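Structure, as structure tokens:
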Amino acid sequence: MRKKGMAAAAVTVAGALLLAACSSDGSSGDASEEPDTSGGDAPNELTFMFRGGEYDKLAYETAIAAFEEETGADVTMIITDADQYATKLQAAIAGNQVPDVFYVEPGRIQGYVYANVLADLTEYVDQSVIDNIWDFGVDAYRFDVESGERGQDGDPFYALPKDVGPFGFGYNTVMFEEMGLEAPSPDEPLTFDEFTELAKQLTVDKDGDGELDQWGTGLNVVWNSQAFVWGAGADWISEDQKTVTVDTPEFAEALQWFADLGLVEGVTPSAEQAQTLDTYQRWMAGEIGFFPVAPWDIGTYNQVAADNPDVFGYDVIPYPVANEGDDWATWIGSLGIAVSENSKNKELAAQLATYLSTDLEAQKILAENKVQIPNLIDYATGEWLETDAPAAGWPANTKAFVEIAQEKGRPLPGTWTYTPEWYDNFWVGIESVVDTGDQSAADYVAAKQTEMQMLLDQSWVSADQAKAQG
Amino acid sequence: MAIDVDTTAGSWTKERRKASRKANRKLHRKEYTWAAIFMAAPIVGWLAFLLFPLGFSVYASFTNWNGLGAMSWIGLDNYVRLINDPYFWKALWNTVFYMIGIPIGLTLSLLLALALARRIPGRTFFRTVYYIPVISSLAAIAILWQWAYNGDFGLVNQFLAIFGIDGPNWLMDPTWSKPALIIMAIWKGLGYSTILYLAAVQAVPRSLYEAAALDGANAWQRFRTITLPMVRPVTFFLVVTNIIAGSMIFTEINIMTPTGGPSWSTASLVWYIWNQAFRNLSMGYATSMALVLGILVLIVTVIQFRLNRRNDFSIE
């Protein structure tokens with residue numbers, strides 16, 4: 001009786017605790033279903049937490065199977081939804097359940113290093129391996145704890161790239177042919193004037209109903225204006241990442257030019273039509289001449305081109321620049337593969353991170369399925385560019401992506417700072433410049449400069465505090 | 001449990017009483033122990049999953065903490081920052097604005113419940129149809145509505161075009177972005193409120209309506225003086241729970257307007273808290289905002305309870 005009573009009480013307590021733990025509303029998720037993200041205990045056990053699509057999973061399953069066979073390791077994969085990954089990782093860190101190997105964004109490096117979450121991989125990875133990865137792919141994860149500087153060659157690195165994502169620019173080849181226009185050079189960038197002129201010629205009422213149904217371009221300011229600002233020699237932030245530099249004539253002129261494409265030149269769909277989704281759809285419907293092209297779009301674009309060859313075809317070109325001879329640039333993203341500082345099997349985990357980042361077979365799977373360009377320089381610039389990429393259906397001028405990965409790509413402003421709040425602030429109210437034209441670009445950047453600088457200063461203060469607190 | 005005790009005089013009786021008391025105490029002690037164990041379960045749960053996190057949050061709100069490393073005590077700095085943060089007030093205003101949907105939703109729910117309470121053909125079908133959004137994934141619904149609100153191809157504007165109305169670009173227009181989210185929230189919650197109202201409407205004694213009809217009350221008078229007061233407990237419950245849920249609006253905003261909407265017109269307080277905590281690594285500051293939001297909701301709820309008690313009634 002006594003034993004039964006105790007058992008009943010134990011079950012009741014356990015049940016009540018479980019119910020209490022799961023009694024939050026459904027939106028926060030069921031705690032009992034959370035996977036165990038903690039690192040492996042046995043000498044050969046590793047956990048790998050990541051996010052991604054089916055091809056990422058396929059590539060990593062292949063790479064991990066080979067890794068397990070080669071090293072005798074036992075790797076547990078934990079895959080999460082992309083939009084929940086960052087939150088779940090932070091919760092895992094707060095709960096001291098950090099996986100051995102996991103994805104990390106370049107913008108998170110500082111915070112995680114200060115909190116002693118990331119292992120310094122410098123001593124675990126051979127220089128020959130590093131030399132064969134795009135500079136940006138490693139620099140994105142370099143961090144000097146003392147100076148707070150990011151991206152400097154030679155500093156310790158805390159992750160290896162899962163990928164690098166060059167944000168290219170493209171044009172509709174079918175539209176240019178139809179309109180009898182000369183195709184833009186695959187190597188030399190157009191100037192802003194040349195680009196505007198071409199965009200004007202592409203903007204037409206094709207069916208004669210009095211309304212435009214084809215436009216030169218249609219670009220979302222939040223994701224597309226960086227290349228034009230950089231192409232005019234301006235930037236959001238100084239090289240030392242301490243001063244906001246938006247209030248300059250070059251910056252204001254570039255932003256105004258960008259806004260005037262729609263407001264004055266009329267070469268973009270109207271503000272009402274200009275949701276990103278709409279211009280994306282219009283581009284694929286053959287209604288827009290110039291539009292961004294990134295590796296993750298290639299599969300979709302190829303499908304559209306195959307389904308509607310009469311209206312859509314595309315190729316990649318350099319982003320326009322303000323004046324002839326100026327250097328073009330665009331942003332490049334990345335996702336890193338990091339190792340937990342507290343992993344019980346740090347060396348093996350570092351080996352796995354290296355394997356996932358540089359395994360040739362995995363890279364081939366990801367590139368063949370148009371998920372990313374390869375991380376390996378020798379493969380990307382050799383066999384892939386010459387034979388594998390054309391065979392897999394990558395665009396004719398795929399070397400533009402390689403060029404971005406090699407030298408033209410820059411991280412989005414805000415990536416190198418402790419928090420990106422100062423940069424996010426730039427977009428709050430941008431509609432008054434690009435959609436309604438209520439405010440000139442010069443007035444806008446002048447008004448933003450002070451607020452952004454204040455937030456940037458705050459970011460540095462927070463970084464110093466995080467460093468002091470550890 | 002009753003125990004017979006002999007109260008007559010004599011040592012034997014005393015002994016017996018003593019033994020009885022002892023047995024009684026032993027029995028009670030056992031019962032008390034078990035009672036304590038069973039009562040401990042919810043108390044431990046409450047301490048572990050409510051009081052401790054709450055106390056931890058209160059402490060965190062007085063610290064500079066990035067959610068990763070150690071905390072450092074900064075006193076009231078987070079609260080001072082909050083007072084001077086225009087984005088906090090903007091987000092709070094947006095959150096309050098979303099509450100406009102509550103009376104609209106409740107009115108529509110009550111009307112629907114009244115309709116569904118009648119013996120109309122296909123009412124089971126309609127009850128099911130109205131309830132489907134409630135059990136659907138909010139993320140999926142948000143994506144569907146994002147498409148429906150598309151300025152060019154969206155169903156909403158196509159529907160408006162039938163009546164010659166040139167619909168706005170809902171989610172890209174600072175004027176219409178909040179109403180767009182309110183409409184979606186009303187649609188999503190309609191079924192739940194309707195079901196509760198339906199149960200309340202059907203529980204109103206028919207005799208009250210019959211008596212009122214005999215006294216010459218018309219339909220409006222019957223609704224105003226019988227139905228409305230009789231469903232007041234449900235209304236109270238829905239208002240309180242909707243205010244709490246409305247103050248936590250996040251998922252649909254994060255999916256439909258991930259940057260906080262044009263000119264920050266859709267950013268809710270929880271969305272801002274989430275951004276500060278997980279994007280800007282200001283967990284301490286985010287916690288202070290969360291506590292202020294919690295206190296505001298608590299105040300509103302207490303006022304609701306007071307008002308409800310004052311208007312309370314019972315049928316004799």
Side-chain angles (χ1 to χ4, degrees), chain A residues 5-6 8-10 12-21 23-27 83 86-87 90-91 93-94 107-108 110-112 114-117 222 269 271-275 277-278 281-282 418-421 424-425 427-432 435 455 458-459 462 465-470, chain B residues 30 33-34 37-38 40-46 48-50 64-72 74 81 86-87 90 137-139 146-147 149-153 166-169 171-174 245 248 250-251 254-255 258-260 262-264 267 274-283:
Chain A
M6 287 298 282
T12 310
V13 171
L17 292 177
L18 191 65
L19 284 174
S23 64
S24 59
D25 72 0
S27 61
D83 59 338
T87 313
Q90 193 150 340
I93 292 167
R108 296 282 179 184
Q110 270 173 285
Y112 287 174
Y114 285 144
N116 227 17
V117 173
V222 178
E272 285 74 26
Q273 299 160 330
Q275 283 186 53
L277 200 60
D278 289 7
Q281 285 172 335
R282 286 174 193 279
Y418 180 67
T419 63
E421 195 176 7
D424 292 344
N425 182 270
W427 308 114
V428 180
I430 192 73
E431 300 83 10
S432 65
D435 288 346
L455 290 168
Q458 201 172 298
S459 172
S462 299
Q465 286 168 342
K467 183 181 169 186
Q469 286 162 16
Chain B
K30 224 174 178 183
T33 308
W34 284 113
I37 289 171
F38 281 102
I43 291 170
V44 169
W46 184 80
F49 298 110
L50 195 78
N64 178 19
W65 183 41
N66 61 8
L68 300 167
M71 298 173 173
S72 70
I74 53 169
R81 178 180 168 188
Y87 293 102
K90 171 90 173 158
S137 151
L138 182 53
Q146 195 176 18
W147 280 90
Y149 279 136
N150 186 290
D152 285 340
F153 311 113
D166 189 13
N169 203 353
L171 297 175
M172 297 302 287
D173 185 331
M248 297 193 295
F250 169 76
T251 307
N254 205 36
I255 290 173
T259 56
S263 301
W264 237 63
W274 183 85
N275 260 280
Q276 285 295 341
F278 293 103
R279 186 163 162 78
N280 296 326
L281 298 176
S282 296
M283 189 66 84

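Note that the coordinates shown come from a computational prediction; the quantities given were computed from them, not determined experimentally. Convention: sequence-line order gives letters A, B, ...; per-chain numbering from 1.
Proximity to chain B (any heavy atom under 4.5 Å) is restricted, for A:Glu431, to the side chain, taken from C-beta onward. B:Ala139 does not touch chain A: none of its heavy atoms, backbone or side chain, sits under 4.5 Å away. Contact of A:Gln458 with chain B is made through the side chain alone, with heavy-atom distances under 4.5 Å.
Side chains of B:Asn66 and A:Tyr418: a donor-acceptor N/O pair is present below 3.5 angstrom, by distance only.
Taking B:Trp65, B:Phe278, B:Tyr87 one by one and counting their heavy-atom pairs under 4.5 Å with chain A, the maximum is reached by B:Phe278. In terms of heavy-atom pairs under 4.5 Å with chain B, the best-connected choice from A:Ile430, A:Asp424, A:Ile93, A:Val117 is A:Asp424.
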Practice item. May I have the step-by-step check of side chain to side chain contact (heavy atoms under 4.5 Å, CB included) for A:Glu421 and B:Asn275, ending in yes or no? Key: CA-CA 9 Å; A:Glu421 195 176 7; B:Asn275 260 280; over 6 Å; no
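Pairing each heavy atom of A:Ala115 with each of B:Gly69, the nearest pair is CB-N, 4.0 Å. In this structure, B:Gly67 and A:Ala94 approach most closely via the heavy-atom pair O-CB, 4.2 Å.
Counting heavy atoms from C-beta on, the side chains of B:Leu68 and A:Gln90 come closer than 4.5 Å.
Atom CG of B:Asn280 sits about 8.5 Å away from atom OG of A:Ser459, to the nearest 0.5 Å.
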